[in-house]
Asker: 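Submitted below is the structure of interest, expressed as structure tokens.
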2 protein chains.
Amino acid sequence: MSERPYHHGDLTQALISHGLDAARTGGPAAISVRELAKAAGVSATAPYRHFDSLEHLVAAVAQQARELLATRMLTAMDAVDLADPRERAWTRLSACGRAYVEFALAEPGWFATAFHSCQVAPTRPDSPDPWTLLSQTLDELDQLGEVHPALADSATTIAWAAVHGLSGILAGTQPGSLEAEAALRDVLTGVQRALRAERRD
Amino acid sequence: MSERPYHHGDLTQALISHGLDAARTGGPAAISVRELAKAAGVSATAPYRHFDSLEHLVAAVAQQARELLATRMLTAMDAVDLADPRERAWTRLSACGRAYVEFALAEPGWFATAFHSCQVAPTRPDSPDPWTLLSQTLDELDQLGEVHPALADSATTIAWAAVHGLSGILAGTQPGSLEAEAALRDVLTGVQRALRAERRD
DNA sequence: GTGGTATGTTAACACCGTCAACACAGTATT
DNA sequence: AATACTGTGTTGACGGTGTTAACATACCAC
């Protein structure tokens, strides 16, 4: 029965994981240096060997929360299986936005943490990131000529703002809510109407 | 030289005002019961005669922050002076959204406080409120037949989500930033494209 | 082996939210 | 007018927090 060794092994990740646990129910404000240290079975000030301050710690938790969100967006997009490339691209965009909002509804604590100090620019450019994911999806549409030419550069901003804003508004509502689902559909069609090239078919 | 009387007079509003001062620079996290009490020249626990908890106190500050925002939106909308009713209504909508985003840029602390625990529903239905303001503006457009019929009920949600989301994304950026201005114009035109009835003129 | 470095520990400080008990002032009741 | 009551402010205390400084332990390189 090995006694716990003096050195933890991977305290950094352990603190972040327990931080995700705490933030899941209580949001970023529930992240506490001392509590995370206790959860990791370590003294109250040990985290300061891995993070400069509480703020840096929650920033690391926020980073991983964003990665969680990006993963869900990615799997939702990959589940789209349609033959027509145009239809497929639009559906992938909707799946992207839908996963975003549903994440905010199902995990409001994580969502609030992810964009707590809202510096959208990812600190780790190699890790999956919601913004670049959305941007890539819109590039697919743009290359198919589906995006209105005047909005090509701003499409990501428009779509992101709509989806992010709806998430913030609905955050805390129960996921099964009918009005939430209706609002989601409204915003998704609104984004489509805003972005699509005006072709008469 | 009258000594400070035993009773403050209007501690409730004094605490909220100092709370607005604190939140302006530090956001909702900067609001502290003890600090506000000290700022009001009163003992540390006196605020508890007026607010049940810190959370109730920041909720009151958030309420007034929302009223500040609503006031700016209102003055921006009232500054629109155009003859053509359709043009006027659309411009009022843009002014509404522009004031919203510019408030978030100019006063990120207040903005973060205003939507801290994002229950959009105003506790005081008689006070000016950003949501109803936007809703009324869209009603003007709808009565002119400018809003696409299929989106009449969801127009407020779409516009609100776009503007609110952009504000959250840009919050913290310096107000004069060119990219912020560009993003704002993009989103405003995107909202207009999403909402307007498709008439060919 | 020895020194250096990374990591973990203890003790302490200042601050915070909150409660209980008490003190003062104005207001209503008799 | 005297009294009781209610609203408001005060003091003191408790447990919790972030953070620093000084010290201890384990690993790693030479």
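Throughout, a chain's letter reflects where its sequence line sits, starting with A, and its residues are numbered from 1.
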Asker: Can you list the residues that meet the ring pair (Phe, Tyr, Trp, His ring centres under 6.0 Å) rule with Phe103(B), with sequence neighbours excluded?
Answerer: none

Asker: Can you find a side chain N or O atom of Ser32(B) that sits less than 4.0 Å from OP1 or OP2 on dC15(C)?
Answerer: no

Asker: With heavy atoms under 4.0 Å as the rule, sort Ser43(A) into base, sugar-phosphate or nothing.
Answerer: base

Asker: Please determine, by modelled atom types, if His164(B) and Ser167(B) share a side-chain donor-acceptor pair under 3.5 angstrom.
Answerer: no

Asker: Please identify each residue that fulfils side chain to side chain contact (heavy atoms under 4.5 Å, CB included) with Pro28(A), with sequence neighbours left out.
Answerer: Ala112(A), Thr113(A), His116(A)

Asker: Does any residue of residues 45-52 of chain A have a heavy atom under 4.0 Å from DNA chain C, and if so, which ones, in number order?
Answerer: Thr45(A), Ala46(A), Arg49(A), His50(A)

Asker: Can you tell me how far C1' of dT17(D) sits from CG of Leu54(B), to the nearest Å?
Answerer: 14 Å

Asker: Measure from NZ on Lys38(B) to C1' on dG9(D) and round the result to the nearest Å.
Answerer: 17 Å

Asker: If you only use heavy atoms from C-beta on, which nucleotide in dT19(D), dG9(D), dG8(C) is closest to the side chain of Val42(B)?
Answerer: dG9(D)

Asker: Could you state the atom-to-atom distance from CG of Leu36(B) to P of dG9(D) in whole Å?
Answerer: 14 Å

Asker: Roughly, in whole Å, what's the span from CD in Glu55(B) to P in dG17(C)?
Answerer: 12 Å

Asker: With sequence neighbours excluded, tell me which residues meet side chain to side chain contact (heavy atoms under 4.5 Å, CB included) with Glu35(B).
Answerer: Ser32(B)

Asker: Without decimals, in angstroms, what is the distance between Leu15(B) CG and dT8(D) C1'?
Answerer: 12 Å

Asker: Using a distance-only criterion (donor-acceptor N/O pair, under 3.5 Å, no hydrogens), is the base of dG16(D) paired with the side chain of Arg34(A)?
Answerer: no

Asker: In chain order, what residues pass the side chain to side chain donor-acceptor pair (under 3.5 Å) check against Thr189(B), with sequence neighbours excluded?
Answerer: none

Asker: For Ala44(A), check side chain to side chain contact (heavy atoms under 4.5 Å, CB included) against everything at least two apart and list the hits.
Answerer: Arg34(A)

Asker: Is any NZ, NE, NH1 or NH2 atom of the basic residue among Asp78(A) and Arg92(A) found under 4.0 Å from an Asp or Glu carboxylate oxygen of the other?
Answerer: yes

Asker: Check the distance between dT8(D)'s P and Asp10(B)'s CG and give it to me in whole angstrom.
Answerer: 10 Å

Asker: When you match Ala44(B) and Ala44(A) each to their closest nucleotide on DNA chain D, which lands nearer the 5' end?
Answerer: Ala44(B)

